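Every number for a ligand or one of its atoms is a count from 1 in the order of the listing. Here the structure is a predicted model, which means the values were calculated and not measured.
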Amino acid sequence: MSLSLSADRPAIPAVADDGVWLECIECGETFAPFDAVRYTCDECGGLLEVRYADLPTFDDFEGQGVWRYADALPLADGVTTQEGATPLYEVPRLEADIGVEALRIKHEGMNPTGSFKDRGMTVGVGVAKELGVGRLACASTGNTSAALAAYGSRGGMETLVLLPAGKVAAGKIAQASLHGARILEVDGNFDACLDIVQELAEAGEAYLLNSLNPFRLEGQKTIGLEILEGFLADYDAVPDRIVLPVGNAGNTAALYKAFRELVQAGELDEDDVPKLTGVQAEGAAPMVEAVENGADEVRRWDDVETRATAIRIGNPVNAPKALPGIRETGGTAVAVSDEAITDAQRDLAGEGIGVEPASAASVAGLRKLRAEGTVDDDERVACLTTGHLLKDPDAAAAAGNDPEPVPADTEGVLATLASESSPDR
Ligand code: F0G
């Protein structure tokens, strides 16, 4: 199987351009990377992956941020706003409370537009320039649209975003708007938006920059490479487990690919690959359902709902790449309630780390799996937090303390301070 951890290094096909090509994960058909716009396999419609003749080693990486990993990417540089190099925070109280050997938070909300999407866009928009396409487009629960708008405008390209009406957090719409995207609010959920954008892309109306685009996932691989380098520096070992929120399962697929390439390059022992552990909200958990049932395919959920609007997704399009990742690494997937997500958002905030609800799902999932005994107390774990608190100010305000009105005099302020503090959350 081409997506197994122990797959042989691929033979280099004639279509390779400078040692880079696209390969179908289903039928193995290969394509030149930059000769035409292509998102899926011409032969069977399967998902495509970028493949390399030369796989890089840790020694090849230099500099900071996503482009530190240029040797693991399809281009030498892209359209950049200095993405990547995000913090890997220590959280001693949370670590002790959840009860694991080590817990670190990889806070992707610290990227330029406040989410991990920037890592994919610096590569994806760079490829769009290489291909010479005009309009860029995506469907989005918000963060992709913010990143596409920013990177598209930086690259001097037109951008179009389709959003589920009424279900996108305020900060994200504000970003897409100010960065100059044309914003279409669709009377339907994210999955319906993606269906439409795919049809627009197939009709040649726009270049698709959702995570179906294999180049975007290359940029997102760098999350995994940074986590591994951070753990190697601090613990002289890679993490036992990486826990991450799952929507379209793009990150799950991207991290798994990063690890497979390191195994193939002889840089990482197959037995040491971190267990990929996906977390979804209970109201939008088709991946969890598939993992729990041992299914090879994910059933599309038509009705999805969660406070974590970023992962309000019923049809995880990267499941064929991500399911093998969860299984081959010995990971799992778990669903958490909206209440548990908000609790985890407060826990992180209590350590000074501000995240949006979807991001907190990783910590909520870890807590649940630790309580169930699926995660052992001797594990070293990295939780991915994917987006910044300010992305969804309404959710943050609802989860936090209410402001208290006071008169404009010190006596009145003192009287209020003397009264019962902290209204109920
Ligand atoms: N966390 C956040 C904050 C997200 O915005 C997303 C996806 C995910 C997690 C899920 O990541 O798809 O790689 O499993 N947001 C997309 C968007 C769908 O349009 O912004 P995944």
Side-chain angles (χ1 to χ4, degrees), residues 86 106-111 113-121 124 137-150 161-164 167-169 171-173 175-176 181 183 186 189-194 197 208-213 216-217 219-221 223-224 242-257 276-281 284-288 298 304 306-319 321-323 325-326 333 341 345 354-365 383-392 395:
T86 53
K106 181 68 172 166
H107 191 16
E108 286 294 299
M110 301 299 279
N111 273 295
T113 76
S115 86
F116 68 91
K117 306 286 180 182
D118 297 351
R119 294 182 188 262
M121 288 304 171
C138 71
S140 184
T141 55
N143 284 321
T144 304
S145 70
L148 179 69
V161 305
L162 275 74
L163 309 180
K167 295 293 181 181
V168 177
K172 305 173 187 182
I173 300 185
Q175 289 178 291
I183 304 172
V186 176
N189 63 22
F190 167 84
D191 304 296
C193 295
L194 186 55
V197 168
L208 177 87
L209 273 162
N210 281 98
S211 56
L212 267 177
N213 184 315
R216 238 195 66 190
L217 294 187
Q220 290 172 213
K221 279 191 321 196
I223 302 173
I242 297 179
V243 187
L244 72 167
V246 172
N248 278 313
N251 274 334
T252 317
L255 264 60
Y256 181 48
K257 186 167 190 282
L276 282 172
T277 302
V279 186
Q280 294 190 300
M287 279 282 286
V288 176
V298 173
V304 280
T306 168
R307 193 180 291 166
T309 52
I311 52 172
R312 187 175 170 273
I313 293 173
N315 185 31
V317 287
N318 288 298
K321 293 176 173 176
L323 275 177
I326 289 175
I341 287 174
Q345 204 186 5
V355 308
E356 67 166 291
S359 302
S362 58
V363 170
C383 278
L384 197 63
T385 56
T386 40
H388 198 277
L389 176 154
L390 292 173
K391 290 284 194 171
D392 193 342

S.K.: Does a side-chain heavy-atom distance below 4.5 Å link Ser211 with Leu217?
M.R.: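 Yes, at least one pair of side-chain atoms sits under 4.5 Å.
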
S.K.: I'd like to know if the side chain of Thr385 pairs up with that of His107 as donor and acceptor (distance under 3.5 Å, no hydrogens or angles considered).
M.R.: yes

S.K.: Would you say ligand 1 has an N or O under 3.5 Å from any N or O of Ser145?
M.R.: no

S.K.: Considering only the protein, which heavy-atom contact is closest to atom 12 (O) of ligand 1, and what is its distance?
M.R.: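 Closest protein heavy atom to atom 12 (O) of ligand 1: Asn248 N, 2.8 Å.
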
S.K.: Tell me: protein heavy atom nearest atom 20 (O) of ligand 1, and distance?
M.R.: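 I find the closest protein heavy atom is Thr144 N, 2.8 Å.
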
S.K.: Identify the closest protein heavy atom to atom 11 (O) of ligand 1: which residue and atom is it, and at what distance?
M.R.: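 Among all protein heavy atoms, the one nearest atom 11 (O) of ligand 1 is Phe116 CZ, 3.6 Å.
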
S.K.: Considering heavy atoms of the protein only, find what lies nearest to atom 10 (C) of ligand 1 and give residue, atom and distance to 0.1 Å.
M.R.: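 The closest one turns out to be Gly247 N, 3.4 Å.
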
S.K.: Determine whether the side chain, the backbone, both or neither of Ile313 has a heavy atom under 4.0 Å from any heavy atom of ligand 1.
M.R.: side chain

S.K.: Measure Ala249 to ligand 1 on non-hydrogen atoms and call it side chain, backbone, both or neither using the 4.0 Å cut-off.
M.R.: backbone

S.K.: Under a 4.0 Å heavy-atom limit, does Lys391 contact ligand 1 with its side chain, its backbone, both, or neither?
M.R.: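 Looking at Lys391 and ligand 1, no heavy atom falls under 4.0 Å.
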
S.K.: Are Thr386 and Ser359 close enough that a side-chain donor and a side-chain acceptor fall under 3.5 Å?
M.R.: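 A pair is found: one side chain offers a donor N or O, the other an acceptor, under 3.5 Å apart.
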
S.K.: Could you measure the distance from the OG1 atom of Thr277 to the CD1 atom of Ile242? Nearest 0.5 Å is fine.
M.R.: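 Interatomic distance, Thr277 OG1 to Ile242 CD1, rounded to 0.5 Å: 9.0 Å.
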
S.K.: May I ask you to identify, for Asn210, whether its side chain, its backbone, both or neither come under 4.0 Å of ligand 1 on a heavy-atom basis?
M.R.: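 Within the 4.0 Å criterion, Asn210 makes no contact with ligand 1.
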
S.K.: Before signing off on this row, confirm whether Gly250 and ligand 1 have an N or O atom pair separated by under 3.5 Å.
M.R.: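 Yes: some nitrogen or oxygen of Gly250 is under 3.5 Å from one in ligand 1.
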
S.K.: Considering only protein heavy atoms, which is closest to atom 7 (C) of ligand 1, and at what distance to one decimal place?
M.R.: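 For atom 7 (C) of ligand 1, the nearest protein heavy atom is Lys117 NZ, 3.0 Å.
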
S.K.: Does a donor on one side chain sit under 3.5 Å from an acceptor on the other, for Lys167 and Thr309?
M.R.: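 Looking only at side-chain atoms, Thr309 and Lys167 do not form any donor-acceptor pair under 3.5 Å.
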
S.K.: In the protein, what heavy atom is nearest to atom 13 (O) of ligand 1, and what distance, to one decimal place, separates them?
M.R.: Asn251 N, 2.9 Å

S.K.: Do Ile223 and Leu384 have side-chain heavy atoms sitting under 4.5 Å apart?
M.R.: yes

S.K.: I'd like to know if the side chain of Thr86 pairs up with that of Lys106 as donor and acceptor (distance under 3.5 Å, no hydrogens or angles considered).
M.R.: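 Yes - a donor-acceptor pair under 3.5 Å links their side chains.
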
S.K.: Ligand 1 and Ser359, any nitrogen or oxygen pair closer than 3.5 angstrom?
M.R.: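 For ligand 1, there is no N or O atom that lies under 3.5 Å from one belonging to Ser359.
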
S.K.: Distance alone, cut at 3.5 Å: any donor-acceptor contact between the side chains of Glu356 and Asn143?
M.R.: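 Short answer, yes.
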
